Every structure is written in structure tokens, then in C-alpha cells.
Amino acid sequence: MSERQTVLVTGASGGIGRMMRTRLAREGRVLRLLDVVRPEDPAEGEAVEVIEASVTDEAAMRAACEGVEAVIHLGGISVEAPWEDILSANIDGTRVVMEAARDAGVRRVVLASSNHATGFYDLENVPAEGLPADAFPRPDTYYGVSKVAMEALGSLFYDRYGIDVTALRIGSCFEKPWDRRSLWTWMSPDDGARLLEACLATPEPGFRVVWGISRNTRRWRSLAEGEAIGYHPRDDSEVYAAELLGDAVDDGPQGPEERLAGGKFCFTPLGEHMK
Ligand code: 15L
């Protein structure tokens, strides 16, 4: 990569985007932050540019991709929602991002897919080494379907135009896990930044799919695909287990909401706004 590297981050005002802002700051790197909700102006000395725009705005995305070395596409709706909204923000939005990246000559794109692309896997049937990152899609919602479409667009733009695309099937990226399921699915913000750095640095990734999770003792997803691109997670949700579970006997997944990978997403009415 050249000395001054501009990285465009879409969805920069969202949960993950905000947590990554300081973590992705590097000497010689400019973060170009884009969101429909205007990202905060740069602090003194912060190498940040802000753009208030939607990922569905073709002209704005084209301009945002100028001079960019890599795009981290986090933008879109992050839970279940009406089909028309998902279609526009997540599926069409990803198409617009990929086309703008191609037209601007961007060589690398990282896509925030989700574990909900595979939400209907039953944890009782996953292999001992963990569910592979490229397990065939089994989406649990229209939201999950949009993540499958996102991955398909990434694959298409790699095969057609040679843009390196890594799709991250992100688990639960929050400061801390909050319940039993998130002990399995957690990705710490620091590991999230490690994963994004690995995606930016690995030579010639081509198109691939990687889980976005930490080194959780209770994980049931494979870390191998991440390790292959230099992602070596360091955090483990287990440090929160006692605080979350107390003395409760823990016999593994209990009931369908815990047995299915997507948890409550598998049971939320399709197309209904989820909180
Ligand atoms: C996701 O894809 C959502 O964006 C996030 O809000 C969490 O619900 C996460 O999955 C999860 O499965 O915990």
C-alpha cells in the first residue's frame, strides 16, 4: 500500500463504526467516514474526513471512493426490517458501494456480513472443529437474506473485476457479551479492529468469507479461515461468564432460541421492525 492510505468506512456512525474509529487510526492513514447520520467532525489532529450520505446515493458513493485504497462497508440496516427497506439499504446499497469502488479503481473491499446469513444452523449438528466460515447460507430473516446477497455481490465483483473482497460473518460485536448466546457469538471491539486490519493487510485474499468472532472458549464457529488471513483474536468472552451466568448450571444450548445459531432472529416475524 502507498504511504498515505485512505480507507473509506461506510456506516461510520453505527455501533461498530463508532467503536472502530479510534481503533483503526494509524500513522499515514486517513479514515474517510460516511454515514446518513453525519459522523462527528474530526478532533484536533485526527486524520479523518466526514461525509454525510447514504450508501444508496450513487453520485455520493462515487465521489467518496475517489482516491481510496480500501472500503470497509459497514453501512445498512443491522436488524430485521420491512423487505423494501432491507432491499434498498442493504442489497441495493451494497451494489452501489461495489460499483462505485470498481469505477474508482478501489482494489479491496471488506463487507460486514453477519452470522444471520447462517442463522438456521442447529448447534447440535455443527462439526467439532466449528462451523466453517463459508457454510452454505441458511438465513434467518430478510436481514439475513440481504447479507447472503451482499456476499454474492462480493463474489461477483471479485470474479468479474478482480476486486479483493472479504465478507465477515460478524457475530455480536459489542463492548461486552450480555447473555448466554453472546458468550458464543461475541467479537470484542479490539478483535474487530484486529480482523479489519488483517483484511486490509493480507496479500491477495481474493474472495473469501471469515467469521467475525473472538477466541471464545464457547465458540462453535471455526477460527481457521480468519487465521489464514492473519486474524489472531485475543479476547475470550469466558471472562464474563461468571458475571452473566452466576451459579446457574450450564448444560449448553437450552431450547430452540439457543440451539439455532441466529437466536431470536429465527423467531422474529419476517419483515417486522426489530428493536
Ligand atoms: C447482527 O447481525 C446484528 O447486526 C447485531 O445487532 C446483533 O444482533 C448480532 O447480529 C447478533 O447476532 O448478536
Side-chain angles (χ1 to χ4, degrees), residues 9-20 35-37 55 72-83 85-87 89-91 93-94 110-123 126 130-131 133 135 137-151 154 166-189 191-192 195-196 209-214 216 218-222 233 235-237 240-241 244 253 255-275:
V9 181
T10 73
S13 301
I16 299 181
R18 277 183 285 115
M19 290 190 291
M20 292 303 121
D35 203 298
V36 269
V37 176
V55 290
I72 298 175
H73 176 40
L74 307 174
I77 298 171
S78 64
V79 289
E80 182 62 337
W83 174 251
D85 299 352
I86 292 276
L87 182 62
N90 290 14
I91 301 181
T94 302
V110 182
L111 297 174
S113 181
S114 166
N115 73 91
H116 297 288
T118 53
F120 266 105
Y121 277 89
D122 185 329
L123 304 195
V126 300
L131 190 65
R138 295 188 68 177
D140 54 27
T141 40
Y142 290 153
Y143 166 68
V145 168
S146 76
K147 295 302 180 178
V148 177
M150 167 186 263
E151 293 172 1
T166 306
L168 308 177
R169 288 182 171 172
I170 299 174
S172 310
C173 188
F174 295 89
E175 292 293 346
K176 290 164 70 170
W178 64 94
D179 62 5
R180 281 163 46 88
R181 175 179 175 272
S182 59
L183 289 172
W184 307 321
T185 57
W186 190 54
M187 176 168 69
S188 74
D191 279 341
L195 176 54
L196 292 174
V209 184
V210 171
W211 289 118
I213 51 158
S214 279
N216 305 323
R218 299 167 193 244
R219 70 181 182 274
W220 47 264
R221 294 176 167 99
S222 155
D235 295 321
D236 185 344
S237 60
Y240 299 102
L244 284 171
E257 263 214 22
E258 289 194 351
R259 271 188 46 185
L260 293 174
K264 68 178 179 184
F265 280 60
C266 297
F267 303 93
T268 197
L270 279 185
E272 212 167 84
H273 277 292
M274 213 174 160
K275 290 270 178 270

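In each ligand, atom 1 is the first atom listed, and ligand 1 is the first ligand listed. Sequence positions, counted from 1, serve as the residue numbers for this chain. Worth saying up front: this structure is predicted, and the values here are computed from it rather than measured. Values below: every heavy atom of this structure, side chains too, minus hydrogens, waters and symmetry copies.
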* To do: Hey, could you give me the CG/CG distance between Leu168 and Leu195, rounded to the nearest 0.5 Å?
  => 4.5 Å
* Structure fact -> If we number the atoms of ligand 1 from 1 as shown, the ones under 4.0 Å from a heavy atom of Phe265 are 8 (O)
* Asked: Just which atoms of ligand 1 are under 4.0 Å from any heavy atom in Arg181?
  -> 11 (C), 12 (O), 13 (O)
* Asked: Do the side chains of Tyr143 and Ser114 get nearer than 4.5 Å, heavy atoms only?
  -> yes
* ligand 1 and Thr185, any nitrogen or oxygen pair closer than 3.5 angstrom? -> no
* Asked: Where is the nearest protein heavy atom to atom 7 (C) of ligand 1: which residue, which atom, and how far?
  -> Phe174 CE1, 4.0 Å
* Determine, using heavy atoms of Lys147 and all atoms of ligand 1, whether some pair is separated by less than 4.0 Å. => no
* Between Ile170 and ligand 1, which part of the residue brings a heavy atom under 4.0 Å of the ligand: side chain, backbone, both or neither? -> neither
* Asked: Is the Tyr240 ring parallel, tilted or perpendicular to the Trp186 ring (thresholds 30°, 60°)?
  -> perpendicular
* To do: Report, in ascending order of atom number, the atoms of ligand 1 lying under 4.0 Å from any heavy atom of Ser114.
  => 1 (C), 2 (O)
* To do: For atom 12 (O) of ligand 1, grab the closest protein heavy atom and report residue, atom and distance to one decimal in Å.
  => His116 NE2, 2.7 Å
* Could you tell me the separation between the CD1 atom of Ile213 and the CZ atom of Arg169, rounded to the nearest 0.5 Å? => 12.5 Å
* Asked: Given Ser113 and Glu151, is the side-chain hydrogen bond (donor to acceptor under 3.5 Å, both in side chains) satisfied, shown in steps?
  -> CA-CA 7 Å; Ser113 181; Glu151 293 172 1; 2.7 Å; yes
* Asked: Which part of Ser78 is near ligand 1, with near meaning a heavy atom under 4.0 Å away: side chain, backbone, both or neither?
  -> both
* To do: Keeping the roles fixed (side chain from Asp191, backbone from Pro233), state whether a donor-acceptor pair exists under 3.5 Å.
  => no
* Considering only NZ, NE, NH1 and NH2 on the basic side and carboxylate oxygens on the acidic side, decide whether Glu257 and Arg181 come within less than 4.0 Å. => no
* **For Ser172, atoms of ligand 1 separated by under 4.0 Å from a heavy atom** => 11 (C), 12 (O), 13 (O)
* Asked: Does ligand 1 have any atom that is closer than 4.0 Å to a heavy atom of Gly171?
  -> yes
* Proximal atoms of ligand 1 relative to Asn115 (non-hydrogen, under 4.0 Å) -> 10 (O), 11 (C), 12 (O)
* Asked: Does the side chain of Met20 come within less than 4.5 Å of Val9's, by heavy atoms?
  -> no
